[in-house]
Amino acid sequence: MDFNKLNENQKKAVLATDGPLLVFAGAGSGKTRVITYRTAYLIGEKKVPPFSIFAVTFTNKAAGEMKKRVIDLVGPEGNSVFIKTFHAASVYMLRNFGQGIGIPRYFSIYDDTDQQTVIKEVLLSMRLDPKKISLSMIASKISEIKDRAELIDGGDPARLLPDYFSFNFPEVYREYHSRMASLNALDFNDLLIKAVQLLKTDSRARETMQRMWSHFMIDEYQDTNHAQYLIAKLLAERSRNICVVGDDDQSIYSWRGADIKNILDFERDYPDAGVITLEENYRSTEPILTAASSVIKNNGKRKPKELRSVKGDGEPVVWCRANNEYGEAEYVVNTITGLKRSDGFKNRDFSVFYRTNAQSRVFEDHLRKENLPYRVVGGLKFYDRKEIKDIIAYLRFIANPLDIVSFLRIINVPARGIGRTTLDRIRAAAAEKNMPEWLLISEGSLDKPPKGIDEFVKVISRSMEISRKIPEIKLSAFVNDVINESGYRAMLEGENTTESESRLENLEELVNGAYDYENSNRDATLEQFLQDISLLTTEENPETDPENRDNCVTLMTVHNAKGLEFPVVFLTGMEEDTFPHRLSVDTEEGIEEERRLCYVGITRAMERVYLVSADIRRSYAGVFYKQPSRFISEIPENIMESVFHASNDFSGNGFSGQDGSRSGDAPRDTGSMFSVKERVMHPKYGPGRIERIEGEGDNIKLTIAFTSGKKTFLEKYTPLEKMP
DNA sequence: TTGAGGCTTTCAACA
DNA sequence: AAAGCCTCAA
């Protein structure tokens with residue numbers, strides 16, 4: 001093994017494979033390199049079998065990246081190293097060892113939306129009004145309790161109760177979980193909590209796993225919550241070969257219960273732990289690091305430390321003020337094209353970061369217009385799209401007929417003449433006879449079933465039979481079959497709109513996804529497929545041209561960027577109330593976390609950083625005049641170059657009627673970005689012409705004449721595109 | 001009783 | 001864009 005690529009401290013961290021080790025790794029200090037080399041060293045020199053090495057990171061993206069780099073280093077053997085996210089690791093443990101604590105071999109995994117459906121049912125059953133009580137508030141309260149692993153040993157939710165709830169929260173908490181159990185479903189937090197419970201209570205399972213894995217590595221340790229901390233601790237209890245890597249400056253998940261205390265607890269749990277600090281930064285040039293550290297040093301609560309740039313001098317950090325969000329996107333795209341021409345950068349060298357997913361659309365539009373291939377990580381996830389969720393719901397219900405949330409979603413999609421009343425009858429009868437809904441309707445125990453029920457039962461039972469033959473029958477063929485037999489494809493084909501076209505394409509993508517999956521997991525069942533995709537959040541590349549597949553501009557939230565690096569980084573939306581986000585500015589802790597997030601963003605860059613802010617930004621909430629982010633003013637002026645860019649793109653999405661030459665220019669009239677008589681494209685109704693503009697600010701109404709007739713929309717909710 | 005159409009509301013970050 | 005609620009025609 002070639003140790004020449006490591007510095008002294010990195011080498012120490014690689015070699016210290018026996019016993020506990022705590023690595024403080026600053027941004028760009030070669031953390032991933034340490035983990036991959038450590039893995040290679042364990043396999044190559046220490047003769048540890050690859051499957052005995054357990055590594056967890058935080059995001060799918062980071063886990064994928066790490067796996068790739070391990071394989072690069074050790075060859076195909078690297079495939080058997082266990083590298084996953086905490087959640088995926090938990091699913092693995094529960095699926096294979098959880099039966100002792102009552103976890104079935106297959107369970108549905110519920111995301112936020114599914115979770116809220118269940119909470120809503122709970123509220124209704126308690127005669128509480130879901131309109132008056134915020135579902136997301138309850139969901140986040142439930143998560144918070146579980147993130148902290150508070151009730152793992154039984155315990156009473158009332159003990160943890162904030163008394164400002166106007167209703168019986170403990171009962172909601174209990175009822176929610178009892179319903180989840182009867183649905184045979186776990187939410188994301190449950191995955192972790194149940195894994196802890198499994199490791200705590202089932203000594204046989206625990207010992208098996210403790211023997212199976214001998215060496216543990218936990219990446220992004222500063223972002224683990226208490227449940228994750230316990231999982232790591234319990235697994236490593238026996239071998240004590242546990243290496244955690246973290247950086248307090250990059251802690252950006254406190255809203256998910258991440259607790260910096262875990263680092264302190266680590267030193268308490270393992271007083272003999274070795275401690276290594278990596279402070280040499282190999283990633284970024286001097287100006288980038290100076291900018292990053294001048295921002296982060298405004299945080300009061302932090303261990304003071306200074307990263308040293310190995311790379312040395314480079315281009316200054318650039319701050320661009322754009323007139324509005326279109327100017328912002330235009331500037332980004334222009335800069336990309338410019339740098340490609342002048343400095344030979346490739347598409348894949350660029351990444352555009354933003355604070356919230358909603359900001360991605362304008363960039364996508366501009367990139368498309370310039371024919372620059374791009375890839376969006378996360379965001380409106382592929383699996384969040386309606387048509388995908390519908391088909392997945394079919395698959396889930398086929399795999400788990402207790403999954404009533406999925407049942408409700410699909411029973412009448414496509415329309416089978418089953419409405420409110422029939423559903424109420426089904427559910428009442430099921431409750432009365434104390435039998436699952438599926439059993440009730442499939443055995444014909446429902447009085448006077450409407451015709452649609454028959455159809456539905458036929459479709460599902462047929463698919464259930466076929467699904468048992470997977471993998472002999474191909475998974476992808478099966479998925480395709482469900483799309484057809486359910487009538488879903490026919491329904492979309494019947495609509496025959498631009499929108500239904502694209503939904504059909506998305507379903508094709510789903511079938512392709514299943515095809516890829518069956519090829520890399522030869523003996524995978526439907527159940528495995530479903531569980532794996534429930535944990536998947538990063539969208540696959542919309543770029544289908546194989547030539548561009550690996551050479552795309554990357555778009556993602558700053559959160560998603562953690563653990564990654566790019567030659568050129570654009571940090572966009574650098575405005576007060578956007579970044580830092582408006583929901584964080586009220587508390588000092590909130591601001592400090594946003595600042596760490598900003599630090600993470602800047603330190604992803606190897607060669608160039610562009611900070612971009614818009615003077616005016618339009619969002620769902622209206623039109624806002626924005627102040628540049630406070631983080632920009634924290635960077636000394638003498639290391640930053642300032643430019644201004646105004647969009648003067650009339651044919652495209654710029655504000656019309658403006659020359660955009662001065663900063664702070666506001667739309668003069670209503671603030672609409674359209675003008676009367678202008679031609680526009682609507683995704684559903686096709687081409688049309690603006691007839692009338694009424695109202696102002698966030699209440700602009702557009703009347704548009706389509707070939708099919710006139711329609712009126714609220715501008716801020718309508719995805720219109722301008723046509724030349 | 002269903003389902004289509006209109007109107008309203010919602011939108012922070014990840015698994 | 002999507003989902004929930006309401007009204008109204010069939």
Side-chain angles (χ1 to χ4, degrees), chain A residues 56-63 84-91 109-113 115-117 120 130-131 134-136 140 143 147 186-192 220 223-225 227-228 252-258 353-359 361 377-381 383-387 389-390 409 412-425 448 450 452 499 502-503 532-538 556-562 573 577-585 590 593-594 596-597 600-601 619-621 682-684 701 711-714 716-719:
Chain A
V56 279
T57 67
F58 227 66
T59 58
N60 288 306
K61 183 101 180 144
K84 289 180 189 292
T85 62
F86 262 110
H87 291 84
S90 301
V91 170
I109 299 172
Y110 277 16
D111 67 11
D112 295 358
T113 329
Q115 192 182 13
Q116 290 195 15
T117 313
K120 191 166 173 189
K131 265 199 288 193
S134 152
L135 294 177
S136 55
S140 81
S143 297
D147 280 338
L186 298 177
D187 65 30
F188 282 129
N189 294 301
D190 288 333
L191 298 176
L192 303 177
E220 311 285 8
D223 281 331
T224 51
N225 62 32
Q228 292 165 326
I252 55 174
Y253 282 100
S254 68
W255 52 276
R256 246 181 70 176
F353 300 161
Y354 33 78
R355 178 63 177 79
T356 64
N357 283 306
Q359 288 164 252
R361 224 202 80 210
V377 176
L380 213 204
K381 304 161 235 168
Y383 293 103
D384 269 356
R385 291 187 194 158
K386 189 176 174 301
E387 62 278 17
K389 283 204 102 162
D390 286 344
R409 192 177 174 103
N412 203 31
V413 182
R416 298 187 177 92
I418 302 164
R420 188 72 262 148
T421 317
T422 310
L423 268 177
D424 285 347
R425 275 178 54 216
K448 295 189 229 147
E499 198 192 355
S502 101
R503 291 192 192 280
D532 283 354
I533 61 177
S534 323
L535 296 173
L536 255 194
T537 54
T538 53
M556 65 180 114
T557 62
V558 195
H559 280 91
N560 250 317
K562 192 153 76 134
D577 289 356
T578 301
F579 195 2
H581 195 272
R582 71 185 161 84
L583 299 178
S584 305
V585 293
E593 179 144 319
E594 295 287 310
R596 289 192 294 271
L597 190 57
V600 167
S619 69
Y620 69 89
H682 188 278
K684 196 148 151 199
K701 281 189 198 140
K711 299 263 174 209
T712 304
F713 306 91
L714 262 188
K716 65 175 177 175
Y717 290 118
T718 317

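A, B, ... follow the sequence lines: proteins, then strands. Residue 1 opens every chain.
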Partner of C:dA1 by Watson-Crick or G-U wobble geometry, both contacts under 3.5 Å, or none? B:dT10

Do A:Gln116 and A:Thr113 have a side chain donor and acceptor closer than 3.5 Å? no

Could you tell me the separation between the CG atom of A:Leu135 and the P atom of C:dC5, rounded to a whole number of Å? 10 Å

Are any of the side-chain nitrogens in A:Asp111 or A:Lys389 under 4.0 Å away from the carboxylate oxygens of its partner? yes

Please work out whether the ring planes of A:Phe188 and A:His87 are parallel, tilted or perpendicular, with thresholds of 30° and 60°. perpendicular

Euclidean distance, atom CD of residue A:Gln115 to atom P of B:dA15 [Å, nearest integer]: 16 Å

Select base, sugar-phosphate, or nothing to describe what A:Asp424 touches, counting heavy atoms under 4.0 Å on all strands. nothing

Does a side-chain N or O from A:Asn357 land closer than 4.0 Å to OP1 or OP2 of B:dA12, or not? no

At 4.0 Å (heavy atoms only), tell me whether A:Arg596 reaches a base, stays on the sugar-phosphate, or touches nothing. nothing

Output the rounded distance in Å from NZ (A:Lys84) to P (B:dC14). 21 Å

Is a donor-acceptor contact shorter than 3.5 angstrom present between the side chain of A:Asn560 and the base of B:dA15? no

Interatomic distance where CG belongs to A:Asn412 and C1' belongs to C:dA3 [whole Å]: 15 Å

Sugar-phosphate, base or nothing in reach of A:Ser584, heavy atoms under 4.0 Å: base

Rounded to whole Å, how long is the line connecting atom CG of A:Leu597 with atom P of B:dA13? 11 Å

For A:Asp390, is there an ion pair with A:Arg409 - N to carboxylate O distance below 4.0 angstrom? yes

Assign A:Phe58 to base, sugar-phosphate, or nothing according to its heavy-atom contacts below 4.0 angstrom with the strands shown. sugar-phosphate

Is the aromatic ring of A:Tyr253 within stacking range of B:dA13, meaning centres under 5.5 angstrom and planes under 30 degrees? no

Under the criteria of a ring-centre distance below 5.5 Å and an interplanar angle below 30°, is A:His581 stacked with the base of B:dA12? yes

Below the 4.0 Å mark, does B:dC14 have OP1 or OP2 next to a side-chain nitrogen or oxygen of A:Thr557? yes

Which part of the nucleic acid, if any, lies within contact of A:Asn189, taking any heavy atom under 4.0 Å across all strands shown: a base, the sugar-phosphate backbone alone, or nothing? nothing

Can you see if the side chain of A:Arg416 gets near the phosphate of B:dT1 - specifically, an N or O under 4.0 Å from OP1 or OP2? no

Nearest-nucleotide check on DNA chain B, A:Ala88 vs A:Ala415; residue mapping nearer the 5' end is A:Ala415

Separation of B:dC14 C1' from A:Glu220 CD (nearest whole Å): 13 Å

Taking the P atom of each, how far is B:dC11 from C:dC5, in whole Å? 15 Å

Provide, to the nearest angstrom, the distance between the CG atom belonging to A:Asn225 and the P atom belonging to B:dC14. 16 Å

Just compare B:dA15, B:dC14, B:dA12 and give me whichever is closest to any side-chain atom of A:Asn60. B:dA15

Is it the case that B:dA15 (base atoms only) and A:Thr59 (side chain only) share a donor and an acceptor within less than 3.5 Å, ignoring hydrogens and angles? no

Which part of the nucleic acid does A:Arg420 contact within heavy-atom distance under 4.0 Å: base, sugar-phosphate only, or nothing? sugar-phosphate

